[in-house]
Amino acid sequence: MEMDKNYERKCYELAYLIFPDVDETVDDLEIKYPERNTLKENAIVTRIAPSPTGFMHTGSLYQAMVHKKLASQTNGVYYLRVEDTDQKRYVEGSIKMYTDELNYFGLNADEGVVGENKEIGYYGPYIQSKRKDIYRVCAKHLVEKGLAYPCFCTPEMIDKTRQMQEANKIVPGYYGVYAKCRNISIDESIERVKNGEKFILRFRSNGSHLRKISFVDAARGKIEMAENDQDVVILKSDGLPTYHFAHVCDDHFMRTTHVVRGEEWLPSTPIHLDLFNAMEFKAPQYVHTPLIMIKDGNSKRKLSKRKDKESAVSFFIKSGYPAEGVNEYLMTILNSDYEMWKSQNKDKNFMDFEFKLNKMSSAGSLLDMPKLNDLCKEEIAKMNSQEVLDRVLKWSKEYSKDFYDIISKDLDYSKKVFALERDNVQKIRKDIYKWEDVEDTFRYFFDEIYDKDLKENGYIITSISEEKPSITKDIIKKSLDEYINVYNENNTKDEWFDNMKATAEKLGFCINMKEYKANPENYIGSIADFSSIVRMAVTNKKNTPDIYSIMQLLGKDKVINRMKDTVSKI
Ligand code: GLU
C-alpha cells in the first residue's frame, strides 16, 4: 500500500518521538548479524529457547534431542537462547539448572548460553532481556512503516471489549473496529505520546480472519489456518517484547532456519507469519512437536507439571536414570523407524541414526515408563563394574551422600560388589535401571546399611515360619548352627552345594525337589527352603544374586557372624 507522504512523515515523527535514542536501523542489524554463510547450504540452524522459570519440562528434553540431531547431522548449529521477557516468572539459578540438565544427557547446545554467565557465538546477546536495543530498532522500523502504533488502552478497557465481544459472539481480540487505538488519528497518537500518556506498542495487522493462509510444518505437512488479524502487543509497558515479537526478531537475526517448538505455539503461527511479513524477513521452517502424554488408567493424558513427577527432567537426573537409556527412549518416540534401525545396528549410537522430520509423529508421544526403564536396564547391563562404580559414585556424591561415603570407603570392595553377575559372565543380571536403586539392591554388602536394616526392620528370616509352619524358629536356629560348623569358604561352588545338601538332608530337608513336591508332608522342607534360611541369615533379603558368590565376597568371618547373630536374636 502506497502511503501518503504526509502520513509517512508523521509515522517517522511518531517513531522518533517513541524512540528518540534509537539510531541503528534494521539494515545495520542485517550487517551486524549476517547470514551464516560459512555453513553448508542445507545446514540447519536450530535453537532451544527456555524461559528461566526454574523447571525443565520433559517435553523440552525431547525437543533438545530434535535440535541436537538436526544440527549435528547437517553440520549446522544448535544454540540456546534464554527467553526471559516475562520477568515475573524469572527464577534465580534457572539458567545454570537448564544447561546442567542438558549436559547430563549430552544434549547441550553448541552456541548461545552454555552456562551461568557463559555465552558462545557471534549472534548474541543470547538472553532476551539483554536484547532490548535490537527489539527497539525493529519496533521503530514498524512504527515508521505505519505497521505499529501506540496503544493507550488500559487493561480494564481491553477486558470490557472482550466481554462485549463474547456476549455478542464476536471473534474476541484487539483488531479492526475493536482496536480503539488503531483507529485514532496519527496526530492524536503523536499528541498523546507528547503529553506523556502511558502506552504499549501494538502491531498493525492488515490480515483478515475471513481469509486463509497455509504454511508447511516440516513434521506435519501443509497446514491451513485463518489469517491473523490481531493487533498483538509487540512491546510491553516494561519495554520488553512479547514472545511473538521477540521470536520474529531473534530468529531472524540469529539466522535460525528451523523453529522447533511445542505444538501449543501452532495456533499463534499466523501471527508470527504476519509479523515476519511486515518486517520483510523470511520466515523460518516451523516444526511443532507433539505433546508428551502419559497413561492414566486406560486413557492417555497430557503430562502434567502438577501431577506427574516425570514431567520434570530433574526427576530423571535425581533418580539417576542413565542418560544413554533416556536418549534411546527419546529416539524411539521421535522416529518410528528408530527401533528397527537399532535392532539392525546394535553397536551403533543414536547419533549415527539419520533422524527425519517427516517421520515424526504429530499425535501425542506416550511416555511409557516401563519401556524407558527397560531401555535403561539394557544400557546399565552394557557397563562393566568399573563403569558402574564410577557412575554410582558420581550420582551418589550429589544425591545420596551417605551412600557415597559408604561405598567410597573401600573402592576395591565396592567394585567387586558391582562385578557380581556382571563382569566375565555369560548372562548379566539386569536388575537396575537407575542409580537410586543400587543401594537397595546391594544393601547387605555394606555393614552400616545391613545393621541399620536389622535394627529398623528386624530379621526377615522369621517370615519363613509364617509361610511354612513346619520350619519353626528352632529348626531355623538348628539349621544355622549346623551350617556354621560345616561352612568352608575354600570350597568350589560344587563342593559348597554338596556340602549344603548334605547338611540339609541330615536335618530332615528333602534335597530332591521332585520328590519333595510329591510328598511334602514327609519333610521339614526342601533344599530350596534350606538355602533360603542361609540366604536370609546372610543377607536379610529374600531374593539376591547367587548366594555362593555373595558369601565369598562377604568373607567367612562376616558370614559366620551374621548367622550366629541371627541364631541369638530371633
Ligand atoms: N520460551 C518459549 C517456551 O518456553 C519457547 C518457545 C519456542 O521455542 O519458540 O515455550
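Because only heavy atoms are used, hydrogens play no part in the values below, and waters and symmetry mates are left out as well, while side chains stay in. These numbers come from a predicted model, not from an experiment. Remember, it's 1-based here, ligands and their atoms both numbered in the order they're listed.
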Any pair counted as salt bridge (Lys or Arg N to Asp or Glu O under 4.0 Å), so long as it reaches residues 102-112, sequence neighbours left out = R36-E111

ask   = For ligand 1, what is the set of protein residues having any non-hydrogen atom at a distance below 4.0 Å?
value = R47, A49, S51, E83, Y243, R261, W265

ask   = Side chains of H67 and L80: closer than 4.5 Å at any heavy-atom pair?
value = no

query = Got a donor-acceptor contact below 3.5 angstrom from the T58 side chain to the E310 backbone?
reply = yes

task = Measure the acute angle between the ring planes of Y399 and W395, then classify it against the limits of 30° and 60° as parallel, tilted or perpendicular.
result = tilted

query = Does the separation of the ring centres of F353 and F350 fall below 6.0 angstrom?
reply = no

key: Check: Y243 ring centroid to H272 ring centroid under 6.0 Å   = yes

